[in-house]
Structures are given as structure tokens and as C-alpha cells.
Amino acid sequence: MSNRVSESEYKVMEVLWQESPLSSGEVVARLQQYDWTEKTVKSFLNRLVKKQVVSFAQDGRRYLYSPVVERNEVLSEESSGFLERVFKGDIKQLLATFVQNKQLSQEELDYLKRLLEEEAKND
């Protein structure tokens, strides 16, 4: 995946990851809390198809949309992009910022500690 997925497109992707294939009308119904028109959702779907992260198949007069990429793949690319954009790739600075600004709960800190310990064992 080479094209970034916008925040709005990501919301559409979340719907498709939960259940697919779906028609644009079904996607609209699942995103009703955003008050997006069907035209808006179709624009997002078309952009996602052009970015090759969503595919479609014709079913009679309607199109059914499905994700092409897994959620983890998008999350990985987005987090790498964020790390590079905001912290110039310095993960130590990212972690220090979250820890020093008390943006991580004790539960999250314990999870990170376990994750790092497991990673160290695998090296």
C-alpha cells in the first residue's frame, strides 16, 4: 500500500473490515453517525479503490466493496508514517514523549514492559 488513507477513509475501511462485501448503501447505513451522504461515501469508496486498498465486484445493478489490505497492514504503515513525520523516525523520542507527558496509564506501561521483555527474549 503506497497511498495514505485519510481519517474519513479509515472510518470506511473499519466498516469493511468488520463485514464485507457491502454495498455503498450498506456502508452509508453503518456510518450514519457521521451524517455523510451516499455520494460522500461513494467518493471515499472510489478513492479507496484507486488507492488499491478496496476492491469491488458487480452484483446486478450494485457494487459490493471489500478490503484488499488487512487492518494491521494499514496500522503499520500509518504508524511508520507518523513516526517519520512527527519524530523523524526516532522511536525513543516517541516513547519518551508519551511517558514523560503521562499519556500512558500504568496498565499501558506494564504492557509495553512485557512486550519489550518478550522481544528481548526473541532476539
Side-chain angles (χ1 to χ4, degrees):
M1 187 185 81
S2 59
N3 293 319
R4 244 183 117 234
V5 174
S6 74
E7 186 175 339
S8 296
E9 292 166 345
Y10 188 82
K11 291 172 183 171
V12 173
M13 293 295 298
E14 284 285 358
V15 167
L16 293 173
W17 284 319
Q18 289 175 10
E19 181 183 352
S20 62
L22 294 174
S23 69
S24 60
E26 291 168 323
V27 175
V28 170
R30 285 167 175 77
L31 294 168
Q32 64 188 2
Q33 72 268 28
Y34 301 110
D35 292 322
W36 290 337
T37 65
E38 186 163 0
K39 183 177 178 183
T40 299
V41 173
K42 282 183 178 181
S43 292
F44 292 145
L45 288 166
N46 287 331
R47 289 190 337 216
L48 291 166
V49 168
K50 286 180 184 170
K51 292 178 181 185
Q52 299 180 341
V53 295
V54 168
S55 66
F56 66 91
Q58 196 162 358
D59 180 39
R61 295 183 59 208
R62 65 186 188 150
Y63 292 98
L64 298 177
Y65 296 89
S66 300
V68 174
V69 296
E70 297 291 326
R71 185 175 186 272
N72 287 341
E73 187 178 340
V74 174
L75 288 177
S76 177
E77 185 160 318
E78 287 297 314
S79 60
S80 295
F82 172 78
L83 180 62
E84 192 57 43
R85 232 177 13 264
V86 178
F87 294 96
K88 300 198 180 2
D90 188 347
I91 197 158
K92 291 179 289 189
Q93 185 62 46
L94 168 91
L95 291 172
T97 299
F98 280 104
V99 171
Q100 292 166 354
N101 292 328
K102 308 282 189 250
Q103 294 177 342
L104 295 176
S105 68
Q106 187 60 48
E107 180 183 338
E108 292 165 329
L109 288 170
D110 291 343
Y111 172 77
L112 264 178
K113 185 177 178 182
R114 284 191 310 275
L115 191 64
L116 292 170
E117 287 170 352
E118 287 175 21
E119 189 62 31
K121 286 178 188 176
N122 294 332
D123 283 343

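Start at 1 with the first residue, then count along the sequence.
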> Does atom CD of Glu70 have more than 12 heavy-atom neighbours from other groups under 6.0 Å away?
Replying inline: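 12 or below, so no.
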Does some side-chain heavy atom of [Y] sit less than 4.5 Å from a side-chain heavy atom of [X]?
X: Val99; Y: Leu112; result: no
X: Leu116; Y: Lys113; result: no
X: Leu115; Y: Glu119; result: no
X: Glu73; Y: Val53; result: no

[X] with [Y], same ILVMFWY side-chain cluster at under 4.5 Å:
X: Val12; Y: Phe56; result: yes
X: Val49; Y: Val69; result: yes
X: Tyr10; Y: Leu48; result: yes

> What's the verdict on side chain to side chain donor-acceptor pair (under 3.5 Å) for Glu118 and Asn122, showing C-alpha distance, side-chain angles and the deciding distance?
Replying inline: CA-CA 6 Å; Glu118 287 175 21; Asn122 294 332; over 6 Å; no
> How far does OG of Ser23 sit from OH of Tyr65, to the nearest 0.5 angstrom?
Replying inline: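 Taking OG in Ser23 and OH in Tyr65, the distance rounds to 9.0 Å.
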> Shortest non-hydrogen contact from Glu78 to Val5?
Replying inline: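 Answer, listing the atom of Glu78 first, then Val5: OE2-N, 3.5 Å.
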> Closest heavy-atom contact between Val68 and Val54?
Replying inline: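 It is CG2-C, 3.6 Å.
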> Quick one: do Glu14 and Arg71 make a salt bridge, cutoff under 4.0 Å?
Replying inline: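 Yes, charged N to carboxylate O under 4.0 Å.
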>> With a 4.0 Å cut-off on N to O distance, would you call Arg62 and Asp59 a salt bridge?
In response: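 Salt bridge flag = yes for Asp59 with Arg62.
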Per-pair distances, 0.1 Å, donor-acceptor, side chain in residues 82-92, under 3.5 Å, sequence neighbours excluded:
residue: Arg85; atom: NH1; partner: Gly81; partner atom: O; Å: 3.2
residue: Asp90; atom: OD1; partner: Lys92; partner atom: N; Å: 3.1
residue: Asp90; atom: OD1; partner: Gln93; partner atom: N; Å: 3.2

Atom pairs and distances, donor-acceptor, side-chain atoms in residues 33-46, under 3.5 Å, two or more places apart:
residue: Thr37; atom: OG1; partner: Lys39; partner atom: N; Å: 3.4
residue: Thr37; atom: OG1; partner: Thr40; partner atom: N; Å: 3.1
residue: Thr37; atom: OG1; partner: Thr40; partner atom: OG1; Å: 3.0
residue: Glu38; atom: OE2; partner: Ser24; partner atom: OG; Å: 3.1
residue: Ser43; atom: OG; partner: Lys39; partner atom: O; Å: 3.1
residue: Asn46; atom: ND2; partner: Lys42; partner atom: O; Å: 3.2

> Do any pairs count as a salt bridge (Lys or Arg N to Asp or Glu O under 4.0 Å) and have a residue in residues 16-26, sequence neighbours left out, and if so which ones?
Replying inline: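 Output for this query lists Glu19-Arg30.
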>> I'd like to know whether Gln106 forms a side chain to side chain contact (heavy atoms under 4.5 Å, CB included) with Leu109, so could you lay out the CA-CA distance, the side-chain angles of the two residues, the decisive distance to 0.1 Å, and finally the verdict.
In response: CA-CA 5 Å; Gln106 187 60 48; Leu109 288 170; 4.2 Å; yes
